[in-house]
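Take a look at the structure set out below.
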Amino acid sequence: MKNILLLVHSDDGQEARLQVALDVTRALGGHLECLDVTAMPVMVPDYYGAGAEVVVLAELREQAEANRKRLEQRLAVEDIPWSIRTSFGTYVEAMTNASELADLMVVSSRRAQPDRRAQPERLPLRARRPILAVPPECKGLDVAGRALIAWDGSQPCNEAVRAAVPLLARAQEVAVLEVNQSEGAFAMTDVAAYLSRHGISAELVERNSDGSVAETILDHASHRASDYIVMGAYGKPRTAEAVFGGVTRTMLLESPIPLFVAH
């Protein structure tokens, strides 16, 4: 995992994404590829006068250029290799198109809002690359800290665990949590055996809950002082970037720590 693709955009989650991407890139000895995405506004023909589109586009370019210069100044003093390129369009499309040679994508998990009704961000799941979804209040990621795997034995979860091995191998503690074991799922002992062959020792924890599975995962992560959570991401196939299953959506909305997800 050497090629880290970071979404760059002047929004309330950029600083958190940047700090996490720097920590991961540094820990893995990788290269940070920053994709500066400028989202094009929806123009209403009858509302905007002639030439308004040109003015709006020019303003967006100026804002993007200013943000890019600030970022370049920041990265110039960091001890990692990096590069920046630009793209226009939606960030999901831009990140998906740029992900062909990426090993990991770093995006936001949600927008910062004063209440917990904020909508989760759309994730570029079509890219079929693992994603670090970073909450806007995050200050960084201790790669050598504690990792929690939210295990359900599904294919997305299997994919997430496989992809996360380079990070899990650097964690001081790895726990596998299974909530309300489902029939027909891969057993936790299977994932423990898989991880052990990569030199990763994992503690296995089973929990039963009559309430929210997501809340049980988050409570356990808080109890263990976990630094990040590894989990599968779920969504309706045709709109996987926008519509998530209940557990995934709640985790994106509520988790105060980064989520390492795969689909």
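Predicted, not measured: the structure shown is a model, and the values here were computed from it.
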Measure from the side-chain N and O atoms of [X] to the backbone N and O of [Y], and report whether any donor-acceptor pair falls under 3.5 Å.
X	Y	answer
Trp82	Cys34	no
Thr96	Val92	yes
Ser99	Ala102	no
Arg110	Leu253	yes

Sole residue of Leu141, Ile4, Thr25 in side chain to side chain contact (heavy atoms under 4.5 Å, CB included) with Val20: Leu141
Set of ring pair (Phe, Tyr, Trp, His ring centres under 6.0 Å) partners for His198, sequence neighbours left out: Tyr194
Evaluation steps, side-chain hydrogen bond (donor to acceptor under 3.5 Å, both in side chains), between Asp142 and Gln172: CA-CA 10 Å; Asp142 182 5; Gln172 70 176 29; over 6 Å; no
[atom1]/[X] to [atom2]/[Y] distance, rounded to the nearest 0.5 angstrom?
X	Y	atom1	atom2	result
Thr216	Asn208	OG1	CG	9.5 Å
Thr86	Asp36	OG1	CG	6.5 Å
Met251	Ser212	CE	OG	9.0 Å
Leu28	Asn3	CG	CG	11.0 Å
Met95	Leu5	CE	CG	4.0 Å
Glu254	Ser109	CD	OG	10.5 Å

Considering non-hydrogen atoms only, spot the tightest contact between [X] and [Y] and give its length.
X	Y	answer
Leu123	Tyr91	N-OH, 4.4 Å
Arg129	Met105	CB-CE, 3.8 Å
Ala150	Cys157	O-SG, 3.3 Å
Leu32	Ala21	CD1-CB, 3.8 Å

Over 12 foreign heavy atoms within 6.0 Å of CD, Gln19: yes
Does a salt bridge link [X] with [Y], judged by any charged N lying under 4.0 Å from a carboxylate O?
X	Y	answer
Glu33	Arg85	yes
Arg74	Glu78	no
Arg162	Glu159	yes

Contact check, side chains of Ile80 and Leu22, non-hydrogen atoms, under 4.5 Å: yes
CA sep, side-chain torsions, deciding dist, call: Ser108, Arg17, side-chain hydrogen bond (donor to acceptor under 3.5 Å, both in side chains): CA-CA 7 Å; Ser108 290; Arg17 293 193 303 271; 2.8 Å; yes
